*Asks:* 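Take a look at the following structure, please.
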Amino acid sequence: MKQKQSPLSGGTIFRIFREAKPHWGWMVGFIIFIALTALFDSTSTYFSKDLIDKGVVPKDLDQVKFYAWRIGILYLANSISIFFFIFCAGRLGEWLQSDLREKLFNHLQGLSFSFFDKTSSGWLLSRITSDTRRIAELASWMFLDSIWGVFNIITALIFMLTINWKLGLIVMAMMPLLVFLAVKFKSHIIGEYRKVRSINSEITTAYSESISGVRVVKALNKQEANLENFNGITGRMYQASYKAAWLSAIFLPMVQLITSLAVAAIIWYGGWNVQIGGLTIGGLRAFIAYVTFMLWPIQELSRVFSEMQQSIASAERVFSLLDTQADIQDKQGALEQASFQGQIQYNQVDFYYKKNQPIFKGFNLTVQPGETIAIVGPTGGGKTTLVNLLTRYYEPQNGEILIDGRDYRDYSQQALQSRIAVVLQKPHLFSGTVRDNILYGRLDATEEEMIQAAQKGCAHGMVLSLPKGYDEEIGEEGTLLSLGQKQLISLARTILADPDIIIMDEATSSIDTLTEKKIQMAMASLLEGRTSFIIAHRLSTIRDAHRILVIEDGRIKEEGSHSELLRAEGHYHQLYTSQFRQDRTQESHLLD
């Protein structure tokens, strides 16, 4: 899916600070303390001028003590203000980063299923982690450095003009040239950093896929191929990073060259003024101090400016994600609560993933409340798409889907999907305990209700056999459990949720025969009295379905009960007898 491009840098920066609006107090706080710090710095330098001219040169000890005390007090006040602006900036950055990550997470929950089909997990992880961190740094530390530098330059210029306006004008003359350089380099640097951020997503994806698919990689001996592909990605990132660094490296010396020429001119002109009495020794010393005082923030601003380009590129990508709209939207006034008897109608449904490549064309189907519908057929025939339409992971381009005689778009997606449960072939469990995962079906359930759900799902005995029972840690995605154990926990979770409609998507296709019997018992308890769809390759699991649909090329080729379809001796009969012979052959090999 192609994300919407955010506005260019100026609009992006404005939006970053708009995101920080809830924490404006911290921002105002550090701006105030930065201004005070710059004022204290410049004032102490000015007092050092008076210390030399009124105390050191005439050897007046009282004046030396007087100005020394003033400078000491300013240094103390300066230390306090530095502490507070760093504290405020740190708090602002952490709050903003936390807010952005929470906002992104919530936004992702509302995006349509199709978005995740077309967007890599690495791309998303990069947005939520490194990009949000860079945005927070821009709004806090980079903004802090920029404001500090600007205030330092302004206060230094004011004091320089007070000391000698002609020398002050020499310093001011170099400012337009520095601004011109900054604007000139800006577009080139940010363009390269955009490439860096884009390639960084590819690197994150490569890492994620290599880790999650490590077994396949090793089984197929693809380590060298993966490494070659990864080297290609990192090579492109190196080239983009190198060019950005090269441009930044040119920018900084040019800034230093211009400021150095200005310092040389000031020293020459100021020394001549001292000789003719137009400038005091303390004034010249203070003037040089102000120039060197300005040189540091100018150099820092150039560094911050380069880093800011990276942060702006990150911000554009984060905001492009936040601006992405869900393909499926709830209509205005959609019902937020739902309870279904379970009658389902597909009326003249058209659906396609790509234009001119229809999966369904004028598809019709009626399912009665409490009816169990088994769906079989060749891969790519539309089995999973049929139930994905029912859950509104996708919506038909034409036609309608009714539940209990009402268009299912009258309900919000949350209301609809909370009453439809999907049990997958490879159940997804979350890191935590067995208890946490079963209670995920209904967070407010009691301990007794949870155990009853586990008993109905034939999972209770299995759970008690674990060392810590319901408090057993299952690892990330349930890696510490077998597939059968995960499926039993998933069924118990679904039973606890008490849905009105059940979808079983090949829930037993990867389970051993002994575990399959337990799962079938759990399924019988789960499906009792509910409208259900069972997608199955193992046809022995659907013999008791009320109706079996053979779907091929988006159409119902055959329809009926198990016995009716066998008698018809059509496609289902061929599938069943072929699979029956395979099962018998495997059993005979096991006996041998």
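Here the structure is a predicted model, which means the values were calculated and not measured.
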*Asks:* Please, which pairs that meet side-chain hydrogen bond (donor to acceptor under 3.5 Å, both in side chains) have at least one residue in residues 372-383, sequence neighbours excluded?
*Replies:* Thr372-Ser532
*Asks:* Might you confirm whether atom CD of Gln341 has over 12 heavy atoms from other residues, nucleotides or ligands at distances under 6.0 Å?
*Replies:* no
*Asks:* Nearest 0.5 Å, what's the OG1-CZ distance between Thr384 and Phe533?
*Replies:* 13.0 Å
*Asks:* May I have all residue pairs that pass ring-ring contact (aromatic ring centres under 6.0 Å, His included) and include part of residues 441-460, sequence neighbours excluded?
*Replies:* His460-Tyr470
*Asks:* Using the test side chain to side chain contact (heavy atoms under 4.5 Å, CB included), find all partners of Phe430 that sit at least two apart in sequence or belong to another chain.
*Replies:* His428, Asn437, Tyr440, Arg493
*Asks:* Got a donor-acceptor contact below 3.5 angstrom from the Thr385 side chain to the Gly382 backbone?
*Replies:* no
*Asks:* Of the options Asn347, Leu549, Val349, Ile401, which is the one that meets Leu365 in a side chain to side chain contact (heavy atoms under 4.5 Å, CB included)?
*Replies:* Leu549
*Asks:* Show the numbers, then the answer: is there a side chain to side chain contact (heavy atoms under 4.5 Å, CB included) between Leu104 and Gln109?
*Replies:* CA-CA 9 Å; Leu104 281 170; Gln109 303 301 300; over 6 Å; no
*Asks:* List for me each residue that meets salt bridge (Lys or Arg N to Asp or Glu O under 4.0 Å) alongside Glu564, sequence neighbours excluded, and say none if there are none.
*Replies:* none
*Asks:* Looking at Lys486, is its backbone amide N or carbonyl O close enough to the side chain of Ser490 to form a donor-acceptor pair, meaning the two atoms are under 3.5 Å apart?
*Replies:* no
*Asks:* Using ring pair (Phe, Tyr, Trp, His ring centres under 6.0 Å) as the criterion, list what pairs up with Phe360, not counting sequence neighbours.
*Replies:* Phe363
*Asks:* Restricting to side-chain hydrogen bond (donor to acceptor under 3.5 Å, both in side chains), what partner residues turn up for Gln97, sequence neighbours left out?
*Replies:* Arg101
*Asks:* Could you check whether atom NZ of Lys456 has more than 12 heavy atoms from other residues, nucleotides or ligands sitting under 6.0 Å from it?
*Replies:* no
*Asks:* Output the distance between atom NZ (Lys21) and atom CD (Glu19), rounded to the nearest 0.5 Å.
*Replies:* 11.5 Å
*Asks:* Holding to ring pair (Phe, Tyr, Trp, His ring centres under 6.0 Å), I want the full list of residues that pass it with His23, two or more places apart in sequence or in another chain.
*Replies:* Trp95
*Asks:* Just verifying a value: how many Å separate Glu569 CD and Thr577 OG1, rounded to the nearest 0.5 Å?
*Replies:* 9.5 Å
*Asks:* Apply ring pair (Phe, Tyr, Trp, His ring centres under 6.0 Å) to Tyr353 and list each qualifying residue two or more places apart in sequence or on a separate chain.
*Replies:* Phe351, Tyr394
*Asks:* Flag yes if more than 12 heavy atoms outside Gln397 fall under 6.0 Å of its CD atom; otherwise flag no.
*Replies:* yes
*Asks:* Nearest heavy-atom pair of Ala415 and Ala338: which atoms, and what distance?
*Replies:* O-CB, 3.8 Å
*Asks:* Check whether Glu558 reaches the backbone of His571 with its side chain - one donor and one acceptor, N or O, closer than 3.5 Å.
*Replies:* yes
*Asks:* Quick one: do the Glu336 and Ser412 side chains pair a donor with an acceptor below 3.5 Å?
*Replies:* yes
*Asks:* Tell me every residue that passes ring pair (Phe, Tyr, Trp, His ring centres under 6.0 Å) with Tyr408, counting only those two or more places apart in sequence or in another chain.
*Replies:* none
*Asks:* Surrounding CG of Asp444 (heavy atoms of other residues, nucleotides or ligands, distance under 6.0 Å), is the total greater than 12?
*Replies:* yes
*Asks:* Considering all heavy atoms of both residues, which atom of Glu476 and which atom of Thr479 are nearest to each other, and what is their separation?
*Replies:* O-CG2, 2.8 Å
*Asks:* Do the side chain of Asp404 and the main chain of Leu402 share a donor and acceptor less than 3.5 angstrom apart?
*Replies:* no
*Asks:* If you measure from the Lys or Arg side-chain nitrogens to the Asp or Glu carboxylate oxygens, is any gap between Arg392 and Glu395 under 4.0 Å?
*Replies:* yes
*Asks:* Specify the closest pair of heavy atoms between Ala545 and Ile548, including all atoms of both residues, with the distance to one decimal.
*Replies:* CB-CG1, 4.3 Å
*Asks:* List the steps, then state whether side chain to side chain contact (heavy atoms under 4.5 Å, CB included) holds for Val387 with Ile535.
*Replies:* CA-CA 9 Å; Val387 295; Ile535 300 174; 3.8 Å; yes
*Asks:* To the nearest 0.5 angstrom, please state how far the CZ atom of Phe340 sits from the OH atom of Tyr411.
*Replies:* 5.0 Å
*Asks:* Any chance CD of Glu400 has more than 12 other-residue heavy atoms, nucleotides or ligands included, within less than 6.0 Å?
*Replies:* yes
*Asks:* Test of understanding: with side-chain hydrogen bond (donor to acceptor under 3.5 Å, both in side chains), list the residues that count as partners of Ser563, not counting sequence neighbours.
*Replies:* Ser561
*Asks:* Are Arg442 and Asp498 within salt-bridge range, i.e. N to O under 4.0 Å?
*Replies:* no
*Asks:* How long is the gap from CD1 on Ile551 to CD1 on Ile359, to the nearest 0.5 Å?
*Replies:* 12.0 Å
*Asks:* Taking only residues at least two apart or on different chains, which pairs with a member in residues 407-420 satisfy salt bridge (Lys or Arg N to Asp or Glu O under 4.0 Å)?
*Replies:* Lys331-Asp410, Arg406-Asp410, Asp407-Arg409, Arg419-Asp500
*Asks:* Just how far is it from atom CG of Asp436 to atom CD of Glu472, taken to the nearest 0.5 Å?
*Replies:* 12.5 Å
*Asks:* Run the side chain to side chain contact (heavy atoms under 4.5 Å, CB included) test against Lys361 and tell me which residues pass, sequence neighbours left out.
*Replies:* Asp350
